[in-house]
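What follows is a short report on a single structure.
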Number of protein chains: 4
Amino acid sequence: MSRRVKSIPSMVKNPRLVERRRRQIVLGACRLFIEKGFHKTTTREIAKACGLSIGTMYEYIQSKEDVLYLVCEYIHDELESRLKEAVVDTDSGRESLAKAVAQHFRVMGEMSDYVLFIYQETKSLPQEAMRYVLSKEEEITGIFEKILCKGIRDGTLRLDPSAAKLMAHNIMVMGQMWTFRRWALAKQYSLEEYTRYQTAWLLHDLTTEDTGGRENG
Amino acid sequence: MSRRVKSIPSMVKNPRLVERRRRQIVLGACRLFIEKGFHKTTTREIAKACGLSIGTMYEYIQSKEDVLYLVCEYIHDELESRLKEAVVDTDSGRESLAKAVAQHFRVMGEMSDYVLFIYQETKSLPQEAMRYVLSKEEEITGIFEKILCKGIRDGTLRLDPSAAKLMAHNIMVMGQMWTFRRWALAKQYSLEEYTRYQTAWLLHDLTTEDTGGRENG
Amino acid sequence: MSRRVKSIPSMVKNPRLVERRRRQIVLGACRLFIEKGFHKTTTREIAKACGLSIGTMYEYIQSKEDVLYLVCEYIHDELESRLKEAVVDTDSGRESLAKAVAQHFRVMGEMSDYVLFIYQETKSLPQEAMRYVLSKEEEITGIFEKILCKGIRDGTLRLDPSAAKLMAHNIMVMGQMWTFRRWALAKQYSLEEYTRYQTAWLLHDLTTEDTGGRENG
Amino acid sequence: MSRRVKSIPSMVKNPRLVERRRRQIVLGACRLFIEKGFHKTTTREIAKACGLSIGTMYEYIQSKEDVLYLVCEYIHDELESRLKEAVVDTDSGRESLAKAVAQHFRVMGEMSDYVLFIYQETKSLPQEAMRYVLSKEEEITGIFEKILCKGIRDGTLRLDPSAAKLMAHNIMVMGQMWTFRRWALAKQYSLEEYTRYQTAWLLHDLTTEDTGGRENG
DNA sequence: AATGAATGAGGATTCATTCAT
DNA sequence: TATGAATGAATCCTCATTCAT
């Protein structure tokens with residue numbers, strides 16, 4: 001929940017302008033990074049893509065890695081806000097989960113390339129920036145965790161509370177999986193089918209009695 | 001099952017030697033790639049790590065990307081053979097699945113770094129090599145698919161046959177997930193707990209009646 | 001004696017303002033140049049150090065080299081005026097020399113960093129500016145030359161008149177030497193000892209009979 | 001006396017070759033540095049001047065500053081060895097001094113540009129390298145100090161022993177002075193006249209009775 | 001087969017200076 | 001007058017690959 005964003009220093013003072021230019025940079029870079037990957041994209045290409053001169057671009061960032069960070073941050077923000085759209089506090093846990101999962105799959109379908117990119121390039125971030133990006137990922141996962149806990153409390157979901165976090169991660173991955181296995185999955189399933197199967201599995205299980213680590217122990 | 005390995009040309013004729021040298025290269029490079037990533041590792045470093053001179057190394061490969069390919073291939077072979085160890089044809093589908101899943105989680109736990117690497121750097125392969133690596137991934141997934149189908153046939157597993165492939169992918173990802181979410185999961189779960197929860201979920205579901213895409217449709 | 005200062009054009013008309021701003025620039029830049037050297041100091045840093053915006057600063061100069069020139073000029077002016085403080089026309093040559101030399105050493109001790117800077121960066125000036133700075137150096141040397149000539153005329157100093165200019169340079173260098181050899185000299189001598197030894201040598205020689213180029217010829 | 005040269009790492013293993021190439025680099029760079037100064041010389045220019053490709057050059061150095069160091073080292077070595085040529089152990093202190101001073105002035109006359117360069121660019125060296133270069137300068141100064149001490153011991157020179165080091169520095173500077181004040185001195189004196197006057201002054205003083213710091217104390 | 005020196009295109013970044021506001 | 005955002009040529013350095021020995 002902490003809004004402590006790693007802030008990147010800029011030579012330019014006007015914060016409004018900084019924000020606008022950085023948005024330009026992010027949008028330009030994002031497209032390129034997804035197309036060619038971070039390492040194979042040159043700073044010159046980024047500058048061109050965002051309509052700034054190389055010098056101007058460097059007024060708003062300190063290094064190419066900063067651009068990567070900005071892009072990751074942007075994608076995560078986008079993912080988070082779009083997921084939150086679907087979460088309404090008045091719903092029951094089960095309803096809330098169903099909606100959130102549906103939205104999650106929808107967003108993953110739409111932002112497929114972005115999520116794949118995050119998966120592949122987060123590791124290229126410097127330490128600190130990476131930590132921030134990962135914490136953001138955890139935060140988003142936390143949305144599902146909270147919903148699951150609510151469902152446990154209001155009795156609409158059946159789940160060992162100590163497995164709630166794990167299940168939240170499972171849900172996250174189940175959505176993201178479309179992005180990094182699409183090359184194989186799409187041969188047989190449409191996104192809709194995929195979503196339907198996965199959702200069914202998920203909700204069926206969470207609605208059925210007796211789950212969670214005791215059978216195999 | 002296609003053994004059509006993309007073969008990399010070598011200047012050296014003696015195939016025995018080629019194989020030995022390439023093994024050297026793979027082992028040296030693998031360590032470096034995992035430590036620093038493909039792009040941040042230089043060919044000089046690889047040569048040093050595998051105890052060959054730069055010149056000699058280039059007698060056995062044509063480009064740095066070839067090394068990446070060799071490493072990916074090596075990892076996949078390793079993964080596949082270790083998974084296959086646990087698969088015995090005489091078991092029932094359910095037994096076979098239980099064993100394969102257990103082994104899968106075990107291997108993922110042990111080869112964590114390797115799998116993460118595959119996730120992050122496959123994209124850096126040139127087209128053709130990437131296709132091969134992906135086909136290999138599909139092949140491994142196929143092992144689970146086959147087990148699932150067997151279980152469906154012999155009645156020990158309950159699953160919509162058209163969801164078998166999807167479930168196979170789910171199993172694959174569930175194992176790999178430990179590699180790319182360990183940073184978050186390990187805060188709360190040990191690998192053993194993780195394995196237990198996930199396995200339980202999986203098998204519980206596949207043993208329970210009525211799964212697969214109808215509820216939500 | 002020539003007051004033909006190379007004048008640097010300014011966009012600003014008000015000469016009072018120009019002078020004030022340039023003083024700001026010189027003081028800010030001087031500190032930075034001494035700390036980091038001319039080349040490693042950026043115009044942005046200079047602007048910041050003198051409390052002006054980059055744009056404003058450039059209203060008062062035409063190039064970074066202009067700043068260097070202004071700083072050199074400032075240092076030379078400072079050196080000259082402080083040296084002249086100690087020169088009184090009514091003294092005999094010998095007395096005058098003793099006082100001037102003492103003051104010279106004192107000033108060199110105090111302005112050590114400045115003098116060192118002049119030694120190291122004058123060469124970075126453009127042709128014309130360099131010529132001016134050198135002429136200024138000659139002018140200061142001229143002060144000693146005049147004193148020596150006076151001493152020759154009034155009989156209080158013994159020196160081949162044709163060696164007067166050379167001896168003036170020697171005196172100059174003897175003072176400046178503390179600035180560029182302090183790293184070695186200060187290990188063994190304090191500034192006071194240094195001054196005493198050097199002054200003694202100098203005056204002893206100029207008071208003794210028969211010096212100057214005949215013995216060795 | 002310590003021959004502990006700061007050794008610069010090279011990618012190339014053959015030490016003979018390293019030495020040869022570095023000599024090329026030094027000679028090429030030296031000329032350029034003297035012409036244009038260190039900062040205004042680009043690495044490409046250096047590479048061209050020494051007949052190596054930029055890549056090859058960087059096999060033998062690690063940074064542009066390394067080249068500066070090599071050049072400074074080269075100049076100092078040259079200066080030292082040429083000065084030592086003139087020093088013979090069997091001479092008396094006085095004779096030895098006369099010869100050394102003469103040689104010193106001769107060398108300074110010939111290597112004028114080199115010495116000036118050392119004066120102006122030593123400061124651009126990184127810490128450690130600078131320390132080495134300065135220690136070398138002290139070492140050369142030590143040659144004169146030893147001669148002076150010898151002269152004091154054998155009675156051929158009259159000098160307060162505690163001023164010996166200072167006088168050694170004076171001699172060094174007196175020679176170098178031609179390099180950084182030639183622009184003014186040469187207007188009136190030829191190098192020969194200059195040498196004659198300075199030598200006379202120096203030796204006259206050291207041969208006369210009673211010098212050194214007591215008169216003014 | 002093995003070696004490692006040579007190559008140079010290409011990349012990230014800096015910074016003096018300009019100019020519209 | 002003052003400002004500071006914009007510019008892009010210029011710079012140092014890296015590194016995959018080649019090829020003579």
Side-chain angles (χ1 to χ4, degrees), chain A residues 10-14 17-18 20-21 39-47 51-67, chain B residues 10-14 17-18 21 39-48 51-67, chain C residues 10-14 17-18 21 39-48 51-67, chain D residues 10-14 17-18 20-21 39-47 51-67:
Chain A
S10 167
M11 293 278 88
V12 174
K13 292 171 182 180
N14 180 347
L17 186 55
V18 170
R20 205 174 80 221
R21 291 277 184 255
H39 285 101
K40 290 194 181 155
T41 304
T42 68
T43 51
R44 278 176 151 84
E45 286 170 320
I46 299 172
L52 298 174
S53 72
I54 187 80
T56 301
M57 188 173 85
Y58 267 91
E59 294 282 301
Y60 296 92
I61 56 163
Q62 309 230 86
S63 70
K64 194 185 166 193
E65 278 171 346
D66 281 351
V67 180
Chain B
S10 168
M11 292 283 91
V12 177
K13 306 298 173 200
N14 180 346
L17 185 54
V18 170
R21 291 278 185 252
H39 283 102
K40 289 192 181 158
T41 303
T42 67
T43 51
R44 263 164 144 133
E45 286 171 320
I46 299 171
K48 190 171 201 179
L52 299 174
S53 71
I54 268 279
T56 303
M57 188 172 84
Y58 266 89
E59 295 286 309
Y60 298 92
I61 56 164
Q62 309 231 84
S63 73
K64 193 186 168 193
E65 278 167 346
D66 282 351
V67 180
Chain C
S10 167
M11 291 283 91
V12 176
K13 306 297 173 204
N14 179 347
L17 185 54
V18 170
R21 291 277 186 252
H39 283 102
K40 289 193 181 157
T41 303
T42 67
T43 50
R44 261 164 144 135
E45 287 172 318
I46 298 171
K48 190 170 200 178
L52 298 174
S53 71
I54 268 280
T56 303
M57 188 172 85
Y58 265 89
E59 295 286 311
Y60 297 93
I61 55 164
Q62 308 232 83
S63 73
K64 194 186 167 193
E65 279 168 346
D66 282 351
V67 180
Chain D
S10 167
M11 292 278 87
V12 174
K13 292 171 182 180
N14 180 345
L17 186 55
V18 170
R20 204 175 79 221
R21 291 277 184 256
H39 283 102
K40 289 194 180 155
T41 304
T42 68
T43 50
R44 276 178 153 82
E45 286 171 320
I46 299 172
L52 299 174
S53 73
I54 187 83
T56 302
M57 188 172 84
Y58 268 92
E59 293 281 303
Y60 297 92
I61 56 164
Q62 310 230 84
S63 71
K64 194 185 165 193
E65 278 170 346
D66 281 352
V67 180

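This is a predicted model, so every value here is computed, not measured. Just so it is clear: chains get the letters A, B, ... in the order the sequence lines come, proteins before strands, and each one is counted from 1.
With both pairing distances under 3.5 Å, E:dA1 is matched to nothing as a Watson-Crick or G-U wobble pair. Pair assignment for F:dA10 gives E:dT13, based on Watson-Crick or G-U wobble hydrogen-bonding distances that are each under 3.5 Å. Partner assigned to E:dC19 is F:dG4, using Watson-Crick or G-U wobble distances below 3.5 angstrom.
For the pair C:Ile54 CD1 and F:dA5 P, the interatomic distance rounds to 11 Å; values are reported in whole Å. Between D:His39 atom NE2 and F:dA10 atom C1' the separation is 15 Å, expressed in whole Å. Atom CD in A:Glu45 sits about 8 Å away from atom P in E:dA12, given to the nearest Å. In this structure, A:Lys13 atom NZ and F:dA5 atom P are separated by 7 Å, rounded to whole Å. Following rounding to the nearest Å, A:Lys64 (NZ) and E:dT13 (P) show an atom-to-atom distance of 8 Å. Atoms CD (C:Gln62) and C1' (E:dT17) sit 11 Å apart, rounded to a whole Å. If you measure from atom CD1 of C:Ile46 to atom C1' of E:dT14, you get 15 Å, rounded to the nearest angstrom. Rounded to a whole Å, the CD atom of D:Glu59 is 16 Å from the P atom of F:dT18.
Looking at heavy-atom distances under 4.0 Å, D:Met11 makes contact with sugar-phosphate atoms alone, never a base. Within the 4.0 angstrom heavy-atom criterion, only backbone atoms of the sugar-phosphate kind lie near B:Thr41; the bases stay farther away.
Each of D:Thr56 and C:Arg44 has a nearest nucleotide on DNA chain E; the 5'-most of these lies closest to D:Thr56. Positionally, the nearest nucleotide of DNA chain F for C:Ser53 lies more toward the 5' end than for the other of D:Tyr58 and C:Ser53. In terms of position along DNA chain E, the nucleotide closest to A:Lys40 lies nearer the 5' end than the nucleotide closest to the other residue of the pair C:Gly55 and A:Lys40.
Under 4.0 Å is where a charged nitrogen must lie from a carboxylate oxygen, and between C:Glu65 and D:Lys40 at least one such pair does. The pair B:Glu45-B:Lys64 does not meet the salt-bridge criterion, since no charged nitrogen lies less than 4.0 angstrom from a carboxylate oxygen. Taking the charged nitrogens against the carboxylate oxygens, C:Glu59 and C:Lys13 have no contact shorter than 4.0 Å, which rules out a salt bridge.
Listed pair B:Tyr60 / E:dA1 fails the phosphate criterion, with no side-chain N or O lying under 4.0 Å from OP1 or OP2. Look at D:Thr43 and you won't find any side-chain N or O under 4.0 angstrom from OP1 or OP2 of F:dT11. Residue A:Arg21 has a polar side-chain atom (N or O) positioned under 4.0 Å from OP1 or OP2 of F:dA6.
Here the closest non-hydrogen pair linking B:Val67 and B:Ile46 is CG1-CD1, 4.3 Å.
Contact check for C:Leu17 versus C:Tyr60: side-chain heavy atoms found under the 4.5 Å cut-off.
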What verdict does the side-chain contact (heavy atoms from CB on, under 4.5 Å) test give for A:Val12 and A:Arg21, after you've listed the backbone C-alpha separation in whole Å, the side-chain angles of each residue and the deciding distance to 0.1 Å?
CA-CA 10 Å; A:Val12 174; A:Arg21 291 277 184 255; over 6 Å; no
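Among the nucleotides F:dC15, E:dC15, F:dT17, the one closest to the side chain of B:Thr42 is F:dC15. Among E:dT14, F:dT1, E:dA12, the nucleotide with an atom closest to any side-chain atom of C:Leu17 is F:dT1.
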